[in-house]
Structure formats: C-alpha cells, structure tokens
Amino acid sequence: MRKRCLAFAGLASVALIASARAAPVTQDDFLVATTGNLVALCGAAETDPLYTAARNFCHGFGIGTYRALAIQEAASRAKRKMFCMPPNEPTRDQAMAAFVQWASARPSTLASAPTDGIAEFLISHYPCR
C-alpha cells in the first residue's frame, strides 16, 4: 500500500511539467474548494512564486486523499473495488501529470470537490479487470 501511496503522490510532481494552467497560483487556490484549485496547484509553473508551496500542497493533498480512498476500499465489503493500481505503478510525476491533463479536459470535474476529482481519476485510469 505504501508503494501505491507513493505512486499517487507522484501525480503531484509531473503536473509541474505538464502545467495545465498558465495563470499564476493564488492564495485562494490553497483553499482547495474545487478540483480546479487542485489542478492549479499541481500544475503550477516552476517560475511561479508559489511553486514550491503549491507542489508540496499538491503532494500532501494527493497522498492524503489516496490513502483515505485506499483505507475505505480495504474496509469495504463491496465485491468490486473502485480502482486497482497496476503492477508497474507510475511515478508521482507521471501520475500527477496524467491527473492534471485528465482533469483539465473535464470542466464538470474541475467544478467538483477535489477528493471526488481524484477518485474519478483513479477509477477511470486504474479500473479493476
């Protein structure tokens, strides 16, 4: 499970490379009211004055959400899991870049709660077979 958490946290780093948003990060983005705010933080440009804070926040929020979802899955009696990580898990950077790209292409997801956005991403990218 630790490996899975690290893989999801990797979602955070790559977003920086795949910056989906050109506008600078704002203090309001750190309130993370929407998935769009999380995408803004995770996709911050390296030249942004809040880049380091945004990246660190993105990693922490991503790992925390992933762990909560994984614990919920483990405690569930459901026969089918929401998502299944592949044996060759993506790095944090790869996963976050994929999350930023995926969420940026879905305006309805950008308006949703950030935890819901992460859950939707995991379900769509890592379905159980």
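Every value quoted in this text rests on a predicted model; they were computed, and no experiment measured them.
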**Student:** What's the shortest heavy-atom distance between Pro86 and Tyr126, and which atoms?
**Tutor:** CD-CD2, 3.4 Å
**Student:** How far apart are the closest heavy atoms of Cys58 and Leu38, and which atoms are they?
**Tutor:** CA-CD1, 4.4 Å
**Student:** side-chain contact (heavy atoms from CB on, under 4.5 Å) for Phe61 and Phe30? Distances and angles first, verdict last.
**Tutor:** CA-CA 10 Å; Phe61 192 92; Phe30 288 92; over 6 Å; no
**Student:** Parallel, tilted or perpendicular, judged at 30° and 60°: which one describes the rings of Phe121 and Trp102?
**Tutor:** perpendicular
**Student:** To the nearest 0.5 angstrom, please state how far the NZ atom of Lys81 sits from the CD atom of Gln72.
**Tutor:** 12.5 Å
**Student:** Show, in sequence, the C-alpha distance, side-chain angles and deciding distance for Met85 and Tyr66, and conclude whether the side-chain contact (heavy atoms from CB on, under 4.5 Å) test is met.
**Tutor:** CA-CA 11 Å; Met85 296 304 291; Tyr66 175 84; 3.6 Å; yes
**Student:** Can you list every pair that meets disulfide bond (SG atoms under 2.5 Å apart) and has a residue in residues 78-111, with sequence neighbours left out?
**Tutor:** Cys84-Cys128
**Student:** Nearest 0.5 Å please: distance from the CG atom of Asp29 over to the SG atom of Cys42.
**Tutor:** 10.5 Å
**Student:** Keeping Asp48 on the side-chain end and Val25 on the backbone end, is there a donor-acceptor pair under 3.5 Å?
**Tutor:** yes
**Student:** Considering all heavy atoms of both residues, which atom of Ala33 and which atom of Asn37 are nearest to each other, and what is their separation?
**Tutor:** N-OD1, 3.1 Å
**Student:** List the atom of Ala103, the atom of Val39, and the distance in Å for their closest heavy-atom pair.
**Tutor:** CB-CG2, 3.6 Å
**Student:** Tell me the closest heavy-atom pair linking Met82 and Ile123, and the distance in Å.
**Tutor:** O-CG1, 3.5 Å
**Student:** Would you give me the side-chain donor-acceptor pairs under 3.5 Å for residues 112-119, sequence neighbours excluded?
**Tutor:**
residue	atom	partner	partner atom	Å
Ser112	OG	Thr35	OG1	3.2
Ser112	OG	Thr109	O	2.6

**Student:** Does Gln101 reach the main-chain N or O of Ala98 with its side chain, forming a donor-acceptor pair under 3.5 Å?
**Tutor:** no
**Student:** How many angstroms lie between atom CZ of Arg80 and atom CD of Glu73, to the nearest 0.5 angstrom?
**Tutor:** 10.5 Å
**Student:** Return the minimal non-hydrogen interatomic distance between Thr26 and Leu50, and the atom names on each side.
**Tutor:** C-CD1, 4.4 Å
**Student:** Could you please spell out the steps behind the side-chain contact (heavy atoms from CB on, under 4.5 Å) verdict for Thr34 and Leu110?
**Tutor:** CA-CA 6 Å; Thr34 66; Leu110 290 174; over 6 Å; no
**Student:** With sequence neighbours excluded, what pairs up with Asn88 under the side-chain contact (heavy atoms from CB on, under 4.5 Å) test?
**Tutor:** none
